[in-house]
Amino acid sequence: TMTLGCVMTEVTLEVPDDMLVALKLTPEGFRDEVRLAAAVKLLELGRLSAGAAARLAGLPVPVFLGRLADYGVAAFRMTEAEIREDAQRA
């Protein structure tokens with residue numbers, strides 16, 4: 001599929017129904033939470049820049065950076081190269 005001019009790959013994840021009930025999430029809410037958690041972790045590991053992680057999470061960069069504190073991750077651990085890369089994409 002295409003989103004904002006970007007080719008997207010769809011990934012399917014099987015989740016037990018009782019897990020969604022326990023988490024009090026809809027399938028869509030669970031999808032969004034998993035995307036955000038994965039994006040935060042990949043940023044924390046240095047595998048994605050902040051801009052790329054925000055795209056993975058489906059959020060604007062400022063919103064994504066604001067959510068990092070929810071996961072105990074510092075928002076401004078970016079390298080100079082990451083700052084330049086994100087500025088070029090803006």
Side-chain angles (χ1 to χ4, degrees):
T1 61
M2 290 279 287
T3 302
L4 298 173
C6 183
V7 176
M8 303 288 281
T9 298
E10 186 172 321
V11 177
T12 302
L13 178 65
E14 293 182 12
V15 179
D17 290 341
D18 63 334
M19 187 172 295
L20 294 178
V21 171
L23 293 169
K24 298 180 180 150
L25 290 171
T26 63
E28 295 79 15
F30 183 77
R31 176 203 61 213
D32 295 345
E33 193 162 313
V34 168
R35 282 179 68 183
L36 178 58
V40 169
K41 190 62 181 179
L42 291 168
L43 172 72
E44 184 179 36
L45 294 172
R47 305 230 3 234
L48 289 178
S49 69
R55 284 198 332 269
L56 176 60
L59 297 172
V61 173
V63 174
F64 176 74
L65 293 175
R67 298 290 308 274
L68 291 178
D70 297 342
Y71 291 85
V73 174
F76 295 102
R77 244 183 30 184
M78 296 169 64
T79 65
E80 186 177 330
E82 287 176 322
I83 293 169
R84 269 190 257 113
E85 177 187 330
D86 286 347
Q88 289 174 352
R89 292 179 198 241

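No hydrogens, no waters, no symmetry mates; every other heavy atom, side chains included, goes into these values. Because the structure is predicted, anything quoted here is derived from the model rather than measured.
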For residues Tyr71 and Leu23: do they belong to one hydrophobic cluster (side chain heavy atoms under 4.5 Å, members Ile, Leu, Val, Met, Phe, Trp, Tyr)? no

For Asp17, does the CG atom have more than 12 heavy-atom neighbours from other residues, nucleotides or ligands under 6.0 Å away? no

Any idea which heavy atoms bring Ala53 and Ala39 closest together, and the distance? O-CB, 3.2 Å

Phe30 with Leu36, same ILVMFWY side-chain cluster at under 4.5 Å: no

In the structure I gave you, are the side-chain heavy atoms of Leu25 and Glu33 within less than 4.5 Å of one another anywhere? yes

Heavy-atom pair with the smallest gap, counting every atom of Ala50 and Leu65: CB-CD2, 4.1 Å

About how many Å separate CZ of Arg55 and CE of Met8, when rounded to the nearest 0.5 Å? 9.0 Å

So how far is it from Leu48 CG to Lys41 NZ, rounded to the nearest 0.5 Å? 13.0 Å

What I'd like to find out is whether the side chain of Val15 reaches to under 4.5 Å of the side chain of Leu20, using heavy atoms alone. yes

Supply the atom-to-atom distance Leu59 CG to Asp32 CG, rounded to the nearest 0.5 angstrom. 8.0 Å

What I want to find out is whether Arg31 reaches Glu28 closely enough, with some N-O distance under 4.0 Å, to be called a salt bridge. no

Separation of Phe64 CZ from Leu43 CG (nearest 0.5 Å): 5.0 Å

Taking all non-hydrogen atoms of both residues into account, name the closest pair between Ala38 and Leu56 and its distance. C-CD2, 4.4 Å

